[in-house]
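Take a look at the structure below.
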Protein chains: 2
Amino acid sequence: MAMPLPGPRAWIEVVTMEFKHQATVTLAEVADAAGVGESTVSRVLRNHGSFSGKTRDRVIAAVERLGYVPNRIAGTLASTTSRLVAFVIPSLSNIVFPDVLRGASAVLEENRYQAVFSVTDYDPTKEEALAAAMLAWRPAAVMLAGYEHTEGTVKMLRASGCRIVEMLDVDGDALDLAVGFSNGAAGRESAAFLLKRGYRRIGYVGHDLNRDTRAGKRFAGFCQTLGTGDAPLADREILAGASSVENGRLGLERLLARTPDLDAVYFSNDDMALGGYFHCLARGISIPGQLAIFGYNGLDIGRATPQPLSTIRTPRVATGQVAAQLVVTNAPPQVVDLGFELIEGATA
Amino acid sequence: MAMPLPGPRAWIEVVTMEFKHQATVTLAEVADAAGVGESTVSRVLRNHGSFSGKTRDRVIAAVERLGYVPNRIAGTLASTTSRLVAFVIPSLSNIVFPDVLRGASAVLEENRYQAVFSVTDYDPTKEEALAAAMLAWRPAAVMLAGYEHTEGTVKMLRASGCRIVEMLDVDGDALDLAVGFSNGAAGRESAAFLLKRGYRRIGYVGHDLNRDTRAGKRFAGFCQTLGTGDAPLADREILAGASSVENGRLGLERLLARTPDLDAVYFSNDDMALGGYFHCLARGISIPGQLAIFGYNGLDIGRATPQPLSTIRTPRVATGQVAAQLVVTNAPPQVVDLGFELIEGATA
DNA sequence: ATCGCTGTTGGCAGCGCTGCCAAAATGGGT
DNA sequence: ACCCATTTTGGCAGCGCTGCCAACAGCGAT
């Protein structure tokens with residue numbers, strides 16, 4: 001209507017406006033309904049400050065009656081303190097990260113924190129963009145994988161003033177909090193184990209190491225220990241793309257085609273190792289007699305194969321739990337090394 | 001200090017207060033620095049409304065200079081429209097859900113939405129509590145698994161006015177949007193396939209069906225089709241707890257101990273089926289000659305085993321993508337059946 | 001020079017809640 | 001009945017941004 005009619009219809013606009021916002025019950029309405037002030041409702045709902053039992057009952061009743069749902073957006077703005085925790089993770093395909101999220105979200109939920117996440121695909125530039133986007137939500141903490149971040153990311157995070165947790169690695173300088181284990185040590189121990197078992201013609205099958213820097217650190221540690229013995233790395237096969245069972249299978253096939261006399265192969269992780277294991281099963285290569293296989297991560301599936309996979313079990317869920325715990329308790333900056341466990345298994 | 005000293009130190013308190021809020025740059029400060037009004041900065045930053053190129057450059061420069069990070073909490077409150085999408089999922093251990101999240105988060109990120117999540121452990125009561133907590137963040141949409149929710153959950157979601165997406169199932173009445181495939185049909189097709197292949201002594205190994213209602217629907221569909229032929233279900237083994245490779249192995253072991261003459265086994269999903277497969281490998285049971293194995297999900301690992309797993313491939317990532325797409329485009333209520341694909345494989 | 005149009009711009013009232021403060025109620029003592 | 005120390009309570013100014021609206025500038029057309 002270009003020309004609203006004068007007179008009794010003037011209230012029409014008001015009605016329209018009232019319908020605009022999805023009949024959302026506000027704290028003020030609850031206060032009215034309960035016959036108390038807004039701050040009293042707020043205190044009761046957060047169980048913070050003091051109020052009489054009688055008042056509490058009336059407030060609760062009004063809340064139930066109206067179906068009031070507090071607005072955390074408004075609450076966060078008003079208190080300038082957030083209970084959001086932002087996860088910026090490389091991937092959701094690699095089970096490592098769901099595991100970390102699982103551990104963390106359990107702890108966060110108990111403490112009434114809320115997890116938000118985004119996925120970088122192992123791309124540091126994307127990580128920077130996503131971290132920036134996350135900071136706009138003013139989280140209490142940002143949880144990242146590892147230490148390798150762009151300069152921009154680091155600067156932004158530092159300036160944000162929120163807690164920073166670098167997870168799944170402790171080989172480096174933490175920005176604030178760090179929780180995980182040493183990938184370098186994992187690589188070294190794997191090599192030491194294979195050497196101790198007597199293997200001397202050792203190869204490696206891995207996925208894109210530029211992106212997954214933690215896998216890179218393991219490989220570096222592995223080579224470092226091999227290098228000090230009489231059995232330097234005999235050959236390696238690096239596949240482009242993410243780790244996967246199929247890539248592990250393919251990688252081992254190629255590696256053996258080139259260097260058939262290997263007696264052991266180290267894989268960048270259990271997914272890859274399982275692929276190698278299946279390749280051997282399919283080709284009738286006896287394990288570990290003809291070829292030993294060693295992985296990394298300690299996935300459950302590796303314990304159920306006919307021969308349990310020799311690998312290193314990492315505390316992924318615990319990493320998430322501890323990371324979350326440190327954040328909710330507002331712990332001082334520190335590095336928590338959760339260690340790892342070498343599983344002898346039966347494939348090496 | 002119980003008694004603050006008078007005189008020149010009076011400003012101490014003021015300084016303390018200034019440090020309280022982590023030197024956060026606000027839009028107003030950017031406006032001052034750029035010599036423009038707040039609303040102009042807001043328009044430039046959101047690329048919304050009109051402004052001159054000159055103004056834009058000055059604003060951008062000020063933003064960079066001050067390292068301004070917009071506050072989405074404030075923005076969301078002010079605009080009363082949210083770009084948060086809440087995922088309330090049963091589990092993160094079951095790869096299904098990370099896959100869905102992966103598909104969804106890619107689409108959401110492109111559209112500048114932010115994913116938040118929490119995990120119910122397949123517990124409807126917990127789902128209700130978590131859904132309530134999520135609604136407090138006033139999300140644009142709540143994404144859930146399946147149709148089985150408590151009355152309270154349904155009532156709350158309906159009242160919230162935000163979009164509701166029920167994922168991974170289409171066998172039921174959708175509250176608003178639904179994206180997935182028919183679990184009942186998957187069960188029926190699996191049974192039909194085994195019957196067509198000539199198997200007649202068919203067993204089932206599954207995990208807790210009360211919690212995972214979608215697995216229950218598959219099993220029901222499976223039995224339904226078997227029942228119409230001359231080969232009703234010969235035996236079943238249900239394991240308490242979540243699905244896992246180890247449970248699949250154990251389940252098959254128990255089932256065969258009780259009913260050794262089975263010629264095929266249907267598993268509640270691929271994790272379980274792989275356990276069964278490994279059990280056969282370990283015991284020298286030939287597949288599919290002595291025993292056929294059929295799974296559900298179409299995990300990548302099932303394609304890399306010496307014999308590719310016979311299974312049904314489900315569009316998990318696509319489910320997440322489509323769900324997110326429907327939300328960001330504000331599509332009308334509808335049910336999207338993405339279907340599934342039967343993989344013949346070599347284990348049945 | 002004046003008019004009217006389109007394109008820009010700033011001011012300001014909220015969004016729904018929390019934190020602070022002052023006011024009011026309560027509950028013994030005396 | 002009166003005083004003081006506690007509770008308990010309500011008012012209200014923001015938190016940082018957006019949306020609305022009015023004001024204004026630029027620029028051909030008259």
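Below, chains carry the letters A, B, ... as their sequence lines are ordered, and counting in each starts from 1. What you see is a predicted model, and the numbers here were worked out from it, not measured in a lab.
A:Arg46 and A:Ser42 share a donor-acceptor pair across their side chains, judged by distance under 3.5 Å alone. With no hydrogens or angles considered, a side-chain donor-acceptor pair links B:Arg102 and A:Ser93 at under 3.5 Å. Neither side chain, A:Ser50 nor A:Arg43, offers a donor N or O lying under 3.5 Å from an acceptor on the other. The closest side-chain donor-acceptor pair between A:Arg163 and A:Asn330 falls under 3.5 angstrom. Inspection of the B:Glu128 and B:His149 side chains reveals no N or O donor paired with an N or O acceptor under 3.5 Å.
Residue-level contact check: A:Thr26 touches the backbone only, with heavy atoms under 4.0 Å from sugar-phosphate atoms and none from bases. Residue B:Ser50 is classed as a base contact, given a heavy-atom separation below 4.0 Å to a base. Contacts of B:Ser52 with the nucleic acid, taken as non-hydrogen atoms under 4.0 Å apart, involve only primed sugar atoms and P, OP1 or OP2. Within 4.0 Å (heavy atoms only), A:Gly53 reaches no atom of the nucleic acid at all. Using a 4.0 Å heavy-atom criterion, one finds that B:Arg46 contacts the sugar-phosphate atoms exclusively.
If you check D:dC15, C:dG10, D:dT18 against the side chain of A:Ala78, the one that comes closest is D:dC15.
What separates CZ of A:Phe51 from C1' of D:dG10 is a distance of 16 Å, to the nearest Å. Separating the CD1 atom of A:Ile73 from the C1' atom of C:dT18 is a distance of 15 Å, rounded to the nearest angstrom. The distance between atom CG of A:Leu27 and atom P of C:dG19, rounded to the nearest whole Å, is 12 Å. Rounded to whole Å, the distance from CG on B:Leu77 to P on D:dG14 is 17 Å. Here D:dT18 presents its P atom at 13 Å from CG of B:Asn47, a figure rounded to the nearest Å. In this structure, the CZ atom of A:Arg83 is 17 Å from the P atom of C:dC17, given to the nearest Å. Protein atom CG of B:Leu45 is 9 Å distant from nucleotide atom P of D:dC17, rounded to whole Å. In this structure, A:Glu38 atom CD and C:dC21 atom C1' are separated by 16 Å, rounded to whole Å.
Heavy-atom distances to DNA chain C give each of A:Asn71 and B:Arg56 a nearest nucleotide, and the one nearer the 5′ end belongs to B:Arg56. Summary of the strand contacts: B:Thr55 and B:Ala74 both lie near DNA chain C, and taking for each the nucleotide with the nearest heavy atom, the more 5' one is attributed to B:Thr55.
Shown here are the ring pair (Phe, Tyr, Trp, His ring centres under 6.0 Å) partners of A:Phe117, two or more places apart in sequence or in another chain: B:Phe117.
Note that CD1 of B:Ile73 and OG1 of A:Thr80 are 11.5 Å apart. Values are rounded to the nearest 0.5 Å.
The base of D:dG11 sits with one of its N or O atoms less than 3.5 Å from a complementary donor or acceptor on the side chain of A:Ser39. At a cut-off of 3.5 angstrom, counting only N and O atoms as typed in the model, there is a donor on one side and an acceptor on the other between the side-chain of B:Arg43 and the base of C:dG10.
With salt bridges taken as basic N to acidic carboxylate O contacts below 4.0 Å, none links B:Asp57 and B:Lys54.
For the OP1/OP2 pair of C:dG10 and a distance below 4.0 Å, the side-chain nitrogens and oxygens of B:Thr40 include at least one atom meeting the criterion.
Where pairing requires Watson-Crick or G-U contacts shorter than 3.5 Å, the helical stems of DNA chain C with at least three consecutive pairs are C:1-30 with D:1-30.
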